[in-house]
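Worth saying up front: this structure is predicted, and the values here are computed from it rather than measured. Basis for what follows: all heavy atoms, side chains included, without hydrogens, waters or symmetry-related copies. Numbers here simply count residues along the sequence, with the first being 1.
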Amino acid sequence: MTIRLYDTSARQIRDFTPLTPGCVSIYLCGATVQAAPHIGHIRSGLNFDIMRRWFEYRGYDVTFVRNVTDIDDKIIKKADEQGRPWWSIGYENEVAFNTAYDTLGCLRPTYEPRATGHIPEMIEMMRGLIERGHAYAADGNVYFDVRSFPEYLQLSNQELDNLLQPSGEGETGKRDPRDFAMWKAAKEGEPSWETPWGRGRPGWHLECSAMAHKYLGAAFDIHGGGIDLIFPHHENEIAQAKAYGDDFAAYWTHNAWVTMSGEKMAKSLGNSVLVSEMVQRWRPIVLRYYLGTPHYRSMIEYSEDALREAESAFARIEGFVQRVVEKAGAVEPAAEVPPAFAEAMDDDLGVPQALAIVHTTVRQGNSALTADDKEAAVARLAELRAMLGVLGLDPLDERWSGGGTDRGEDLHGVVDSLVRLVLEQRQAARSRKDYATADAIRDQLQQSGLAIEDTPSGPRWSLS
């Protein structure tokens, strides 16, 4: 079955046909590094990580570009408020974003360009747009003439005459108030670069048009980002790139928000939940399950209850995996995922439907274990690992299973030793038929948040 994706520009699901057979090129609008990431920021990275993994599973050679906006109004404002260099703010938060991506198991992008590293490319694009009559310089600013591009606003399906786009501070000399700034004239104390039109700094939108052109060429397959970027950012990217002469993106794919009390999660609203705080309370793989398993186009309403449900659901998966490994040893992932899982993923990355196949496989595997059918249980685990690998959720993958410097793994070992000591005491009490003491030990462990399961090979504990 052909992979199909919802294309925002077409407002429908379309069959995916790559520009180059066997290859997929993806540009994702990444972080504006003015603050540390909250889980709403990271959801986009997770959704497109799953998209990338699925294309790779289907045999495509994927080039994945995710930019870093390391200069903009918000970064400059933060630097002024904190009395720090603007680049210090940007770098600190870029590191925080990359730490969050890594912690939640996202593959590193093929390229991760910074805006400030591509000023020459931006100057070249502005020069071309001015020569073609699509842009003009005024008072040290460079603006895009929106009326020169008839296709403007087709992505967001708006009418130009109804558009309100007021000028920002210092944006003087506009021919039309709806024209947008590609380059902003220098202000005292702000970072600036030399251009043929005077010193200044990039507007927000120009960087992505220029960097997509540099790394993916005049035409590429997929442009992604959050739904809040459709207008004005993506609309303005299209105008710049196409007016310059590029075909730009063939498909536009957007992920929905993480909300809190029905509102988009945002630092400015004071309702954001930082990734760095969340991973102190929830295991990263559980947080990935929570953020990555709803459909990418559906909203996620943040709640502690929903996270606990995600934790319980993933614990059922891990429990089956652990029981089979204890019984049969290491099991390699199957070469192919089950057909129903593939069909769901091919249909606009239908992760919820694919996840239903995951849990059905777990139930079948548990039934096989109950029936002492080792061969069937191993087969189900092989299928399960293949599916979880696509979702970045395989608990046996070395990213999650250890072999690194994760303090959580060290702590698990300490807890395991202590719990086994207590379980030995419980077993000794049972051996002398002191069942009251044995039950009391079990109850105390359960009150501490541990579940105890008696198996033919001995008692096993897990977080309840």
Side-chain angles (χ1 to χ4, degrees), residues 28-50 66-109 112 114 225-229 255-294 296 298-311 314 392-393 399-400 404-408 411:
L28 174 63
C29 282
T32 298
V33 287
Q34 53 102 3
H38 57 65
I39 59 174
H41 291 133
I42 296 302
R43 182 190 182 184
S44 179
L46 281 172
N47 289 154
F48 285 92
D49 182 65
I50 292 171
R66 184 182 67 213
N67 77 296
V68 176
T69 299
D70 61 341
I71 184 70
D72 86 328
D73 295 339
K74 294 177 181 177
I75 294 171
I76 293 170
K77 182 180 179 183
K78 285 284 182 69
D80 184 57
E81 290 172 351
Q82 298 178 23
R84 297 170 56 189
W86 62 272
W87 46 263
S88 172
I89 299 285
Y91 184 70
E92 176 183 282
N93 292 308
E94 181 182 343
V95 170
F97 267 88
N98 282 328
T99 298
Y101 290 132
D102 290 344
T103 300
L104 296 191
C106 294
L107 302 174
R108 290 290 180 93
E112 192 168 26
R114 295 189 185 104
I227 55 173
D228 52 319
L229 299 180
N255 64 277
W257 297 332
V258 178
T259 60
M260 185 179 287
S261 300
E263 291 189 285
K264 174 194 172 188
M265 191 170 286
K267 293 283 286 185
S268 59
L269 297 177
N271 67 352
S272 61
V273 183
L274 296 181
V275 176
S276 59
E277 297 171 354
M278 293 293 287
V279 296
Q280 299 301 315
R281 299 168 48 220
W282 305 92
R283 288 189 300 146
I285 196 168
V286 169
L287 193 54
R288 182 181 176 100
Y289 184 97
Y290 169 68
L291 293 172
T293 53
Y296 73 93
S298 63
M299 298 291 184
I300 299 175
E301 174 67 14
Y302 172 79
S303 73
E304 293 287 311
D305 286 344
L307 268 159
R308 280 190 285 271
E309 289 174 7
E311 183 178 49
F314 192 71
L393 288 168
R399 180 184 296 271
W400 304 115
T405 58
D406 189 336
R407 291 286 298 167
L411 183 60

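Here Phe314 pairs with Tyr289 under the ring-ring contact (aromatic ring centres under 6.0 Å, His included) rule; sequence neighbours left out. Every side-chain contact (heavy atoms from CB on, under 4.5 Å) that Ser276 has, sequence neighbours left out, goes to Leu274. By the side-chain contact (heavy atoms from CB on, under 4.5 Å) test, Thr103 pairs with Thr99, Val279, Pro284, sequence neighbours left out. A search for side-chain hydrogen bond (donor to acceptor under 3.5 Å, both in side chains) contacts involving Trp282 returns nothing, not counting sequence neighbours. When the salt bridge (charged side-chain N to carboxylate O under 4.0 Å, His left out) test is applied to Asp102, the partners found at least two apart in sequence or on another chain are Arg108. Checked against salt bridge (charged side-chain N to carboxylate O under 4.0 Å, His left out), Asp70 has no partners two or more places apart in sequence or in another chain. A search for side-chain contact (heavy atoms from CB on, under 4.5 Å) contacts involving Asn93 returns Val33, Ala36, Ile89, not counting sequence neighbours. Under the ring-ring contact (aromatic ring centres under 6.0 Å, His included) criterion, Tyr101 pairs with no residue, sequence neighbours left out. Judged as a side-chain hydrogen bond (donor to acceptor under 3.5 Å, both in side chains), and not counting sequence neighbours, the contacts of Ser44 are Asn255. Partners of Phe48 according to the ring-ring contact (aromatic ring centres under 6.0 Å, His included) rule, which considers only residues two or more places apart in sequence or in another chain, do not exist here.
Listed by first then second residue, pairs satisfying salt bridge (charged side-chain N to carboxylate O under 4.0 Å, His left out) with a partner in residues 80-90 read Arg84-Glu92, not counting sequence neighbours. Identified under the salt bridge (charged side-chain N to carboxylate O under 4.0 Å, His left out) test for residues 34-43, with sequence neighbours left out: none.
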